[in-house]
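Remember, predicted model here, so these are calculated numbers, not experimental data.
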Amino acid sequence: MISPEGSLEVLSQFEVNRLRDTSSTGLHETLRCCALAILTAGALSDNAASMQACYPDFDIELQQEDKGLRLKLDNAPANAFVDGEMIHGIREQLSAMLRDLAYVANELISQGVESMGPSEAITNTVFQILRNANALNAHRPPNMVVCWGGHSISRVEYDYSKVVGYRLGLRKRDICTGCGPGAMKGPMKGANVAHAKQRYDNSRYVGISEPGIIAAESPNPIVNELIIMPDIEKRLEAFVRLGHGIIVFPGGVGTAEEILYLLGILLHPANQHIPFPVILTGPEESADYFRQLDDFIAVTLGETAQQRYQIIIDDPEAVAKAMQKGVDAVARFRHENHDASYFNWRLHIPYDFQQPFEPTHEAMASLALHANQPVHELAANLRRAFSGIVAGNVKPNSMAAIAERGRFKLHAAPDIMTHLDALLNAFVEQQRMKLPGTAYEPCYTLA
């Protein structure tokens, strides 16, 4: 039995009942899967089903007592405890997960946003989830560097991400990632050492996930601010609203999805004047990966898209200096325009980018993957295609649908098809689709 921390010390009976609900509309199964992922932090798996199979008898029960909420864990993984006591960082992450699930399910649903447009209402939701998680600090200068990259990367790439994180940490930059392993852990680990050297107090290691991802990719133990967004689109918006610059390390389709989402936003006419530093980087061994990605962007989105990012190979110091310069430009822009330092309100995110994409067979087959549309809309549709592949690789519902109905089918214009096929094949050959040592069975076909 453990007690959660912070605002979760007290929940209403209504909130507890929602989290206990085992029906198809209840939250108990989501709660159980996310809790197991947190308790098994460090496990070398990106398959939620196999993780569940290892602990079939695990369960979590919320008990409301007069003195507050208690969590009863049955058959929990032993590695989450030391001498019978739960590791403090794991307890913190469990509390954060409960906080966000309860808040989204019970608070936001009941709030009226009828006076807002649909896009404003979604941004308001993202803002309120971040504020409820105490992620927004009005007194902290622009300082948050978002690091994207794959969970399935080589040791050389992982070590490189640590050195970049170290160089950022020496400059007292906070780190935000998708909170999993690989390129999501490396920058935090490097920054953690640098922050200790600099005696940098209150360092932040923010991990932003969503229920379908966290169940397959446990948060890494360095994360000291875990935030669970309701879906992948709000997760992506949280990154760009909270961050002051983005560094992209090598990855697979999930990383390509994030890049296309970001470029789609930055290419929108309303955002072309807004400074937002984006750096793609990796060791010398990753040069071909970034060349292939850059070629794909050039063919599909054009030279204007390429101008929205820098590629720096095998030079962590140059990456840190370039990001420092970029964040300083963001700080000046926010100050001159009287913008908040803690939330990027001015950035325009079209409603289409905010709408959750459910990767069904029909939705994947109907994606418009051709150049006869505005470039930011093509970026959005390419992002959805990669999102569907991510889901087919790691999310239980999509994996089950593929097992029943066969692979997703993607239809694209011939010029896009050729380069999309080459890029996806390169990801497979470089073992960027699954963790090393895991055989990859494609979840898609190109038609």
Side-chain angles (χ1 to χ4, degrees), residues 24-25 30 46-49 118-119 121-122 125-126 178 209-217 229-239 252-265 267-268 296 300-301 349-421 423-424 427-428 433-434 440-447:
S24 60
T25 58
T30 299
D46 58 359
N47 188 312
S119 182
I122 291 172
T125 296
V126 172
S209 190
E210 56 96 14
I213 293 292
I214 197 172
E217 293 178 2
M229 304 302 290
D231 52 61
I232 191 68
E233 285 74 18
K234 292 181 184 64
R235 181 195 191 208
L236 289 169
E237 181 165 351
F239 281 128
V253 287
T255 304
E257 174 191 1
E258 292 166 338
I259 293 171
L260 289 164
Y261 171 87
L262 180 59
L263 290 177
I265 291 172
L267 289 170
H268 193 282
F296 178 76
T300 55
L301 305 181
I349 301 182
Y351 184 56
D352 286 349
F353 282 71
Q354 298 174 309
Q355 282 288 88
F357 175 67
E358 184 65 30
T360 63
H361 283 75
E362 292 76 16
M364 290 288 280
S366 64
L367 287 174
L369 305 179
H370 56 76
N372 189 27
Q373 58 186 315
V375 66
H376 65 277
E377 292 182 11
L378 174 57
N381 283 319
L382 286 168
R383 196 283 297 179
R384 293 183 184 107
F386 284 112
S387 181
I389 295 173
V390 172
N393 286 346
V394 302
K395 293 189 178 181
N397 289 346
S398 296
M399 294 171 72
I402 290 166
E404 179 183 349
R405 300 182 55 185
R407 300 176 182 179
F408 292 138
K409 288 186 174 62
L410 291 170
H411 303 275
D415 54 338
I416 293 177
M417 180 71 72
T418 300
H419 291 85
L420 180 60
D421 189 39
L423 185 66
L424 291 172
F427 288 166
V428 174
M433 293 293 201
K434 299 287 282 185
Y440 179 64
E441 177 66 28
C443 65
Y444 62 89
T445 57
L446 301 177

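- Remark: the backbone N or O of Gln354 is not paired with any side-chain donor or acceptor of Ser119 at under 3.5 angstrom.
- Side-chain atoms of Ser387 never come within 3.5 Å of backbone atoms of Arg383 as a donor-acceptor pair (strictly under, hydrogens ignored).
- Expressed to the nearest 0.5 Å, how far OG1 of Thr300 lies from NE2 of His370 amounts to 13.5 Å.
- In this structure, Phe353 and His376 have parallel ring planes: the angle between them is below the 30° cut-off, well short of the 60° mark.
- Considering every non-hydrogen atom in both Arg407 and Pro442, the closest pair reads NE-O, 3.2 Å.
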Applying side-chain contact (heavy atoms from CB on, under 4.5 Å) to Phe408 and Leu446, what does each step give before you reach the verdict? CA-CA 9 Å; Phe408 292 138; Leu446 301 177; over 6 Å; no
Full working for side-chain contact (heavy atoms from CB on, under 4.5 Å) between Val253 and Tyr444: CA-CA 12 Å; Val253 287; Tyr444 62 89; over 6 Å; no
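- Side-chain atoms of Glu257 never come within 3.5 Å of backbone atoms of Arg384 as a donor-acceptor pair (strictly under, hydrogens ignored).
- Not one N or O on the side chain of Glu358 forms a donor-acceptor pair closer than 3.5 Å with the backbone of Thr360.
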Evaluate salt bridge (Lys or Arg N to Asp or Glu O under 4.0 Å) for Glu362 paired with Lys409, printing each intermediate quantity in order. CA-CA 9 Å; Glu362 292 76 16; Lys409 288 186 174 62; over 6 Å; no
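- Nearest heavy atoms, Pro359 versus Gly388: CB-CA, 3.6 Å.
- The minimum heavy-atom distance between Met364 and Ile389, with the atom names listed, is CE-N, 4.0 Å.
- Formation of a donor-acceptor pair under 3.5 Å by the His361 side chain with backbone atoms of Gly406 is found in this model.
- Of the inter-residue distances, the one linking Ile259 atom CD1 with Phe296 atom CZ reads 10.5 Å to the nearest 0.5 angstrom.
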Phe357/Leu367 under side-chain contact (heavy atoms from CB on, under 4.5 Å): CA gap, chis, key distance, verdict: CA-CA 11 Å; Phe357 175 67; Leu367 287 174; 4.0 Å; yes
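- Distance check, rounded to the nearest 0.5 Å: CD of Glu233 to CZ of Arg235 gives 11.0 Å.
- Counting heavy atoms from C-beta on, the side chains of Pro230 and Glu210 never come closer than 4.5 Å.
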Between Leu369 and His411, does a side-chain contact (heavy atoms from CB on, under 4.5 Å) hold up when you go through it step by step? CA-CA 7 Å; Leu369 305 179; His411 303 275; over 6 Å; no
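- By the 4.5 Å heavy-atom criterion applied to side chains, Leu410 and Thr445 are not counted as neighbours.
- Between Ile232 and Tyr261 the shortest side-chain heavy-atom distance does not fall below 4.5 Å.
- Distance check, rounded to the nearest 0.5 Å: CD1 of Ile416 to CG of Leu378 gives 5.0 Å.
- The distance from the CD1 atom of Ile349 to the CD1 atom of Ile122 is 10.0 Å, given to the nearest 0.5 Å.
- Annotation for Asn397: atom CG does not count as buried by contact number, only 12 or fewer foreign heavy atoms lying within 6.0 Å.
- The backbone N or O of Gly264 lies less than 3.5 Å from no partner atom in the side chain of His268, so there is not a single donor-acceptor pair.
- Taking all atoms of both residues into account, the shortest heavy-atom contact from Pro356 to Asp231 is CG-OD2, 3.6 Å.
- Note that CD1 of Ile265 and CG of Leu260 are 11.5 Å apart. Values are rounded to the nearest 0.5 Å.
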